[in-house]
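Just so it is clear, the values below take in all heavy atoms, side chains as well, and ignore hydrogens, waters and symmetry mates. Remember, predicted model here, so these are calculated numbers, not experimental data.
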Amino acid sequence: MIQQFETIQKASKENVDAALKAFGATSKGVQTIAVETTDYAKKAFESGTATLEKLAGVKTLDKAIEIQADYVKTSFEAAVAQMTKLGELYTALAKDAYKPFEGVVAKAGVPVAK
């Protein structure tokens, strides 16, 4: 009976330790994503403001269309790059958050898809 209690206590401690490590990894990952998103928003705002300033000084319609087309193209490319980067960050976050539980899952004998 005492041996079972000690086994359960040890398993509980391992689970709590894994949960705390996962929480730490999740916190770090979410913070990284927040910083990245803030930087992107700042750059996007600055780019939009610069384009608006260029458009304010335009004398011809052709030049205005050229400036707008360039802005749309660079904004789209930046958005695609940002989404790719965020996808990679979310993937890394999931892997880092799961890593502390690998040992616990292995001990439980649960099959894990790779």
* Spacing of Ser47 atom OG and Asp70 atom CG [to the nearest 0.5 Å] -> 10.5 Å
* Asked: Pairs in or reaching into residues 29-45: which pass side chain to side chain donor-acceptor pair (under 3.5 Å), with residues at least two apart or in two chains?
  -> Glu36-Lys85
* Between Lys21 and Asp17, is there a side-chain N and carboxylate O pair less than 4.0 Å apart? -> no
* Hey, quick one: are Leu86 and Val35 part of the same hydrophobic cluster, counting side-chain heavy atoms closer than 4.5 Å, chains of contacts allowed? -> no
* For the hydrophobic clusters of this structure (ILVMFWY residues joined by side-chain heavy atoms under 4.5 Å, transitively), does one cluster hold both Val30 and Tyr90? -> yes
* Asked: Going from CD1 on Ile65 to CD on Gln68, what distance comes out if it is rounded to the nearest 0.5 angstrom?
  -> 9.5 Å
* Gap between atom CD1 of Ile67 and atom CG of Asp62 - 0.5 Å precision -> 11.0 Å
* Which atom names give the shortest non-hydrogen contact between Ala97 and Ala22, and what distance separates them? -> O-CB, 3.3 Å
* **Over all atoms of both residues, closest heavy-atom pair of Gly29 and Leu93** => CA-CD1, 3.8 Å
